[in-house]
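Comments concern the structure below.
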Amino acid sequence: DSGVTQTPKHLITATGQRVTLRCSPRSGDLSVYWYQQSLDQGLQFLIQYYNGEERAKGNILERFSAQQFPDLHSELNLSSLELGDSALYFCASSVDPLAGVNEQYFGPGTRLTVT
Amino acid sequence: AQSVSQHNHHVILSEAASLELGCNYSYGGTVNLFWYVQYPGQHLQLLLKYFSGDPLVKGIKGFEAEFIKSKFSFNLRKPSVQWSDTAEYFCAVNGEANSGYALNFGKGTSLLVTP
């Protein structure tokens, strides 16, 4: 158990819909990363938040957005869903990547199936 | 931009065989390197990491990796694999500051250990 929690574990929804994935980082970690894992693209970085503020963006679609709340949990919002959005979405947390090292701990993931 | 290349996509070994999984990265600056393991149906777990110092790093479950700067490589090794090592293995390198030091992952190597 990494200490990072994600809900829900599984999500099945239809094309065009909107879903919200939730992540709680390890106690003491201020930074949250979102990654997408799919068969064709592998593991890709989507977006990072640090202490409530967006810090970096990766290959995140405009239909996707995220936020980090004062209690440091984060939500990833996926809208206008397409079949190709079906994937595993992982959240990872770290203390502070600017502290010199960046060891990330991953949550169990949310498996999203778009039908 | 950094990239990570894992040479072996699928590896099948018998129990007690030795393992070496290749990983090469492309990045000219200071790097932090990681190997993560993903057991079937589970989240990514950190096996080992290299930040600085001794280029031979030891991780959990008997795994080790050697950082060879001149070859841009960080190969994972284990002298004797067990059936329980069956999993997907990912090599990763931390990105740059403008990506929040997010991890860039290789495509992964699927290891099957047969009894």
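The chains referred to below are lettered A, B, ... by the order of the sequence lines, with proteins before strands, and numbering in each begins at 1.
R111(A) CZ: 12 or fewer foreign heavy atoms inside a 6.0 Å radius. No more than 12 heavy-atom neighbours from other residues, nucleotides or ligands sit within 6.0 angstrom of CD1 on I12(B). For L39(A), the CG atom is loosely surrounded, since the number of other residues' heavy atoms within 6.0 Å does not exceed 12.
Only the side chain of Q37(A) comes within less than 4.5 Å of a heavy atom in chain B; its backbone stays farther off. Of the atoms belonging to L44(B), heavy atoms from both backbone and side chain fall under 4.5 Å from chain A. Only the side chain of Q38(B) comes within contact range of chain A, with heavy atoms under 4.5 Å apart. For chain B, no part of N59(A) is nearby; none of its heavy atoms comes within less than 4.5 Å.
One hydrophobic cluster holds both W34(A) and V114(A) under the rule that ILVMFWY side chains link at heavy-atom gaps under 4.5 Å. One hydrophobic cluster holds both L21(B) and V113(B) under the rule that ILVMFWY side chains link at heavy-atom gaps under 4.5 Å. Under the 4.5 Å side-chain heavy-atom criterion for ILVMFWY residues, no single connected hydrophobic cluster contains both F90(A) and L76(A). Residues Y105(A) and I60(B) are members of separate hydrophobic clusters, defined by side-chain heavy-atom contacts under 4.5 angstrom among Ile, Leu, Val, Met, Phe, Trp and Tyr. Linking ILVMFWY residues whenever their side-chain heavy atoms come closer than 4.5 Å, directly or via other members, places L19(B) and L33(B) in the same cluster.
Minimum interatomic distance between D40(A) and K107(B) (heavy atoms only, all atoms of both residues): O-NZ, 3.6 Å.
For the side-chain contact (heavy atoms from CB on, under 4.5 Å) with E103(A), the qualifying choice from L46(B), N32(B), N94(B) is L46(B), the only one to do so.
Put simply, the side chain of S2(A) reaches to within 4.5 Å of the side chain of H43(B), judged on heavy atoms. Residues L43(A) and N104(B) are not in side-chain contact: their nearest non-hydrogen atoms beyond the backbone lie 4.5 Å or more apart. By the 4.5 Å heavy-atom criterion applied to side chains, Q104(A) and Y36(B) are counted as neighbours.
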Margin query: For Q42(B) and F106(A): C-alpha separation, side-chain torsions, deciding distance, then whether side-chain contact (heavy atoms from CB on, under 4.5 Å) applies.
Written below: CA-CA 10 Å; Q42(B) 294 191 28; F106(A) 282 77; over 6 Å; no
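Taking the six-membered ring for Trp, F105(B) and F45(A) have ring centres at least 6.0 Å apart.
Side chain of Y35(A) to main chain of L103(B): a donor-acceptor pair is present (N/O by atom type, distance under 3.5 Å, no hydrogens or angles).
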